[in-house]
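Nothing here was measured: the structure is a model prediction, and the numbers come from that model. The chains referred to below are lettered A, B, ... by the order of the sequence lines, with proteins before strands, and numbering in each begins at 1.
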Amino acid sequence: MPLDTSAYSLALLRVDGRRWNELRRMHAQIRTQAAADGSSYLEMGHTKVMCVVTGPSEPGPRRSAVGASGGTGVGGGSGEAAQAEVAVSIVIAGFSSVDRKRTARGDKRILEMQSTISNALAGSLHTHLYPHSAINISLHVLSQDGSLLAALINAATLACVDAGIPMTDYVAACTAGSTSTYAAGDEAADPLLDLNQQEEQELPGLTVATLGESDRVAVLVCESRVQVSRLEGMLAVAVDGCKQVREILDRVVRDKGRRMVQEGTIEKGVGVNDMEID
Amino acid sequence: MATAQPLYVLPGDTIDPSLIPTHKKLPLRLGPGLRHIPPSAIVPTVAGQLVADHKKNSMWVEYNGGRYIPAPNDLVIGQIQRSAADFYFMNLTPFTSNATLPQLAFEGATKKNRPQLASGALVYARVVLANRHMDPELECVSSSTGKAEGLGPLTGGMAFDVSLGLARRLLMARSREEGKVEILELLGAEGLAFETAVGRNGKVWVGSDSAKTIILVGRALRETDDGKLDVDQQKKLAKRLIREMK
Amino acid sequence: MAASTEPEAALSVLPRADGSATYAHAGYTVMGSVNGPIEASRRDEHPYEAHVDVIVRPAAGVGGTRERHLESILQSSLSQLILVKNFPRQLIQIVLQIEATPENDYVNTKLVQASLNFPVVPALLQTAILALLSAAVPMRETAASTVVAVVPQGAKRLLVDPVPRDLEAAHSVHVLAFTSQDELLLAESEGDFTVKEWDEVYEAAKEICCRPRTLDEENDVGPDLRHFLRTTLEEKVAEDLYWK
Amino acid sequence: MPREIEPSLNEKQFVLQALQEKFRLDGRQFDQYRPLELTFGDQYGVADVAFGKTKILAKASAEVTVPYADRPLDGVFAIATELSPMASPAFEVNRPTETEVLLSRLLEKTVRRSGALDTESLCLVAGQKCWSIRVDVHVLSHDGNLIDTACFAVVAALRHFRKPDTSVEGGILTVYTPAEREPVPLSWLHSPFCVTWSFYGDRGEIAVLDATWTEEQIRVASCTISLNRHGEICQISKLGGTPVEAVALLQCTSIALTKAKDFSVFLDKKLAEDTKKRNIGGFMAELRSENDR
Amino acid sequence: MAAAAPPSLSFPRPVFAKLSPHPYLLRTLAPQVSPDTPTPKPSRTNGRAPHEARPVYIHTSSLSHAHGSALVRVGDTTVICGVRGEILPVTSIPQYRPRADFGEDDDEETRRAGRGELKDYDLLVPNIELATGCAPQFLPGVPPSTLAQTISTRVYSLLHSCAVVDAKNLRIWASPVVTKPTGCDDDADKMEEDDEEEEEKPELVAYWVLYVDILVVSFDGNPFDAAWMAVLAALRDTKLPVVTWDSDRGVAFCSRNAEKRKLQIKGLPVACTAAVFLEKEHGSETSGEENNRHWILLDPDRSEETLCGETITMVVDCEGGETRLRSLEKQGGTVIGRELIRGFAGVAEKRWREVKGAMSK
């Protein structure tokens with residue numbers, strides 16, 4: 001494990017010069033596509049994704065069994081649609097990573113991310129207001145540099161806000177890691193916030209999404225081997241990171257709202273307007 | 001009713017004519033598990049015990065298990081799937097096509113005021129019509145008296161799954177003597193306050209103010225069913241459960 | 001894994017299926033589940049009778065063409081036994097999971113094999129019938145099935161329930177199934193044989209599948225399947241009706 | 001396609017109410033598993049596992065094949081989880097449901113990506129020939145908590161499995177039949193187990209282990225934690241659902257660790273018993289094969 | 001045949017046939033005895049007698065690119081089969097295991113081992129394509145139907161159980177003496193002699209893999225018989241080029257104008273299928289003494305297949321003088337019992353002669 005133990009322990013700086021609890025530069029916009037009901041573009045470092053939301057609307061003809069929320073029961077999508085179904089589709093552009101590899105359509109990793117995002121948002125969106133209807137979230141990955149799932153969740157949240165779908169609060173996500181791998185059993189390992197590609201490959205890490213300003217975890221995904229003792233540290237840092245991310249998302253929404261009010265162009269997005277008032 | 005030496009049959013077995021009850025006036029009535037092949041052959045279609053009732057001049061095959069198949073006058077517990085213009089579509093067993101329950105088939109229901117039942121609600125109903133070519137039809141009111149007679153929506157409580165055999169025994173007029181199932185009475189005698197509704201489709205609804213009681217009754221039923229307990233064992237079970245509760 | 005041991009079976013082993021059974025004989029172990037009559041999907045719906053759907057799943061590897069073939073054989077045979085006319089537009093779904101097959105210590109067999117293996121058919125058929133009985137699906141009659149191999153030389157020329165090594169050496173392999181009315185329900189043979197040989201095989205198989213109850217037991221051609229089926233069911237029914 | 005019907009309103013309300021009063025339908029504690037049964041088959045690599053009414057059979061098998069071009073020094077290792085209508089008519093053959101995808105991903109992450117099986121040891125002739133190890137997971141009866149049951153079955157099957165012995169002389173590979181040489185076990189590095197929590201209540205404040213099918217249908221969120229007895233997390237997935245307090249999740253993890261240790265002890269015991277049983281038979285078998293030669 | 005339509009009916013026979021095929025076929029098979037017309041012989045709607053099969057037409061080596069090919073027509077069922085050989089070096093067979101000795105080929109052991117080779121290394125790969133729009137029920141370009149999969153399985157196992165192709169004819173040896181595929185018998189013998197003379201044994205370096213592709217061009221029932229006929233004819237027509245093995249580069253190559261050797265085929269197994277037509281509609285509840293007559297319809301066409309449940313397929317080979325059965329498949333009913341099967345052997349023999357005639361043309 002070259003980078004961290006050597007470089008980090010000396011300067012306490014990471015490969016890209018960040019401190020342990022620093023987020024990468026995060027930039028986001030909403031209302032990027034005029035045509036869509038809701039849309040967003042989001043960057044976390046060099047990870048760049050965009051999202052388009054259509055709906056709530058009549059459920060489309062082809063409703064994928066996988067990646068449709070409420071799918072706790074066998075057979076995916078909820079039986080009698082008492083609440084709206086949140087369908088997520090992810091498209092990873094061939095040029096998004098260094099080596100261009102085609103992602104197969106039935107790729108289970110992507111199907112898993114789809115269902116994660118749809119279930120995470122379904123937990124916050126007031127889907128019960130829209131029975132027998134569907135909210136389609138389609139995400140496009142333009143560039144990958146770690147923390148992909150987190151970026152996708154954040155983008156989806158923004159797009160849903162833009163679409164004016166009532167929700168409890170933001171679902172904000174980010175990643176956290178630990179400075180040395182599971183092999184080294186040293187307890188002195190420091191947690192790291194917001195992993196990039198390189199760190200993600202070399203260090204144990206996890207993705208966390210929380211609801212609003214609370215400590216309540218909607219998504220917790222850890223795909224690497226790590227000592228149980230490290231979990232608490234990483235989780236704490238990640239949850240804290242999620243709060244920072246929430247602030248950023250909130251600012252994005254408010255700025256956009258303010259600008260729209262100034263321009264006097266609020267045909268929709270009443271939700272934004274409300275926030276303007278308080 | 002059970003003959004001295006129980007006679008077990010398999011599908012396609014030939015039944016000794018001597019076993020077929022012969023009665024002066026009454027026509028021979030064939031119960032479940034038997035089919036008549038003209039001119040005079042009677043053949044079992046399931047594995048079970050052949051039972052003949054000479055007084056009623058009827059015979060049938062007694063068996064346990066399998067999926068519930070609706071028959072007229074059966075009492076069942078259905079779950080509302082969705083409601084149409086003037087029907088409720090009811091589910092009796094998973095994955096089977098829906099039964100229909102007219103919204104006017106409730107006590108005192110009129111065009112003006114009919115019961116408003118949400119999908120997912122449980123209803124205690126009687127099978128009016130059931131044949132192989134049509135979806136079964138239910139009712140919650142006696143067509144003769146116009147009274148509900150205990151049928152209708154089941155509010156609160158919990159529905160437990162039991163074997164068709166146990167459901168049938170619980171529904172017997174004299175369930176203690178004939179069905180050899182006494183557990184509910186025993187628990188009642190122990191001072192538990194609860195009400196039950198038994199569906200022929202293998203569902204028992206238990207209602208009570210105390211969740212504890214409902215769970216206890218549910219466990220009692222399951223253990224009686226799975227453990228195939230006889231009356232004495234049921235007595236022991238009742239005692240044990242009550243003790244656990246205290 | 002010996003050639004002609006008595007078969008073993010257990011009924012209603014799967015709590016959540018309408019009916020189920022495990023059957024173990026001659027090295028084969030099969031788990032069978034039956035659900036039905038249930039709602040048939042659009043394409044399977046038949047206006048006048050129930051659609052019998054048979055799914056055969058190998059112990060290892062994905063099902064392929066030969067499973068489809070086995071399924072079609074079983075489907076055509078079971079539809080004969082089940083009173084399909086009783087349940088128009090309905091579906092009766094039979095899933096047969098092969099759990100174990102006799103192992104041949106002298107070869108490393110490939111995982112995916114295209115050629116059909118007859119010897120598994122009886123185990124599948126028996127399991128399906130037991131499961132159907134456990135699900136109390138109305139049937140016209142029951143059936144029993146067995147495998148007989150014609151081997152070049154040795155003590156007996158006819159081998160009942162041959163082990164894989166015998167099958168390699170066999171001139172011909174035969175699967176026969178008889179209904180409880182002693183009618184020939186299924187006959188599948190491959191190899192190299194004459195009508196006369198087939199006749200002998202027929203005799204042996206019939207002896208096993210539908211031996212009359214009164215018979216001296218010294219000539220053991222193999223298990224007495226009809227008797228086995230009856231005793232198994234009687235035990236089960238007696239247990240179910242313990243309260244009577 | 002037949003669809004699983006949701007539990008009735010009565011059931012939904014009651015189960016929740018009972019949980020709030022600290023009861024489960026079957027009288028279990030919240031962190032209590034249903035009775036666990038494990039039986040090995042006559043053949044190597046067959047494990048039959050039951051958590052209460054949930055029954056899963058896992059079968060491991062091995063075959064010589066050509067390694068992937070991009071990793072010539074690794075063997076092939078795959079876990080196949082196809083849910084058949086045997087588990088529930090709602091499952092259709094070769095039409096994967098969400099349940100199936102998530103299950104296979106969890107097993108993938110827990111067993112495969114955590115490096116439980118040393119895949120480099122499966123390489124026979126670099127870039128040309130290697131072992132392909134395959135585990136088929138057959139769900140026989142589905143009464144909730146497929147994940148924990150399946151994971152346990154897979155691990156048990158693989159640790160019980162023996163693959164044919166091989167030798168390579170002058171680039172020529174020989175795979176010995178069981179009659180020629182006793183099969184050999186896989187090189188196994190660590191045994192991970194899945195522990196799945198189900199959450200209830202508006203804030204997911206109630207956490208329950210080993211949910212039955214009814215309980216699963218009513219839960220608002222779930223979290224699967226995979227650990228081995230060395231206290232290493234192999235994977236955690238809480239894939240959405242109602243948000244749960246971070247602290248609660250930490251508690252869940254520490255309880256999960258004790259459960260994983262229990263599983264590990266149980267499995268070791270069972271394996272030991274099985275080998276003892278076999279050694280008697282095994283000896284006879286050797287004699288037999290001797291005579292055959 | 002006028003009497004075929006009952007007097008009560010007022011619409012023409014084709015309509016009758018469309019509306020209720022079962023009674024229609026029933027009437028033609030069991031014509032009513034009516035006073036005005038003489039009772040005609042029982043015949044099928046296609047005019048054939050119950051035990052009358054459709055004429056066979058076979059044309060071979062029509063495809064230039066295949067090593068062997070055949071077109072078979074049985075009535076309106078037309079099947080094309082092409083055989084293509086490809087060289088498979090033993091090094092690219094994962095589970096390949098060199099064998100010490102290839103004994104005399106009349107030895108039982110060896111023959112079985114050979115069968116093992118064919119199976120384990122997949123040297124015979126049949127595949128059938130039904131989805132050609134050859135009949136309404138098979139739309140083009142859909143995944144293989146159950147029928148297609150069933151037939152290819154049956155063809156595959158028949159190929160192996162009949163051992164029409166011997167593994168020794170597919171082996172490719174690296175040794176100056178035998179660099180040619182040991183085609184005909186004499187050649188094979190010569191090879192063995194050579195071996196004895198040679199002190200250094202020739203090394204088995206590769207196999208021929210035969211891809212047997214079957215295409216159903218038009219479908220009018222009884223696809224298996226036709227398909228199997230086509231496979232057999234195509235294999236008998238197959239000629240494999242002489243292969244030279246370059247041991248330095250470890251590759252086999254056969255020059256453009258290399259001489260071709262005929263593939264040696266053992267025996268002539270012919271499939272013969274019939275379906276059972278019941279008087280009462282299949283599975284109906286009105287069972288009893290009355291109306292349970294039945295007819296065995298040889299070589300059924302599509303309309304007949306839809307009306308019949310039970311089928312029997314017998315594969316016979318009378319090449320060696322006496323009739324030998326190579327396969328028997330009977331399923332889907334209980335009409336065909338022991339006696340009928342005994343009798344059917346005769347029918348199959350007759351069919352065998354017809355087909356042999358068509359083959360030798």
Using the rule given for side-chain hydrogen bond (donor to acceptor under 3.5 Å, both in side chains), can you reason through E:S327 versus C:E190, listing the C-alpha separation, both sets of side-chain angles and the distance that settles it, and then say yes or no?
CA-CA 4 Å; E:S327 154; C:E190 74 175 10; over 6 Å; no

Tell me, for C:S72 versus chain E, whether the close heavy atoms (under 4.5 Å) come from the side chain, the backbone, both or neither.
both

As an exercise: rank E:K330, E:E310, E:E329 by heavy-atom pairs under 4.5 Å with chain C and give me the winner.
E:K330

Under 4.5 Å to a heavy atom of chain C? For E:S152 that would be side chain

Under 3.5 Å, is there a donor-acceptor pair between the side chain of C:N35 and the main chain of C:Q93?
no

Contact winner vs chain C - E:T150, E:T311, E:L158, E:L328, heavy-atom pairs under 4.5 Å
E:L328

I need the residue from C:L186, C:D192, C:T194, C:L176 with the largest number of non-hydrogen atom pairs under 4.5 Å to chain E.
C:D192

Taking every non-hydrogen pair under 4.5 Å, which of E:R324, E:R338, E:Q331, E:R342 racks up the most with chain C?
E:R338

Toward chain C, the part of E:L159 with a non-hydrogen atom under 4.5 Å:
neither

Does the distance from a Lys or Arg side-chain N to an Asp or Glu carboxylate O, for C:E71 and C:R68, drop under 4.0 Å?
yes

So for C:F193, is it side chain, backbone, both, or neither that comes closer than 4.5 Å to the heavy atoms of chain E?
both

Check this for me, if you would: do E:E319 and E:K266 make a salt bridge, where the nitrogen-to-carboxylate-oxygen distance has to be below 4.0 angstrom?
no

Is C:E49 paired with C:R89 through a side-chain N to carboxylate O contact shorter than 4.0 Å?
no

Please classify the contact between C:E197 and chain E as side chain, backbone, both or neither, with a heavy-atom cut-off of under 4.5 Å.
side chain

Would you say C:F118 and C:S189 make side-chain contact, with heavy atoms under 4.5 Å?
no

Could you check whether any side-chain heavy atom of E:L340 comes within less than 4.5 Å of a side-chain heavy atom of E:I312, counting everything from C-beta outward?
no

Between E:G337, E:G333, E:S161, which residue shows the highest count of heavy-atom pairs closer than 4.5 Å to chain C?
E:G333

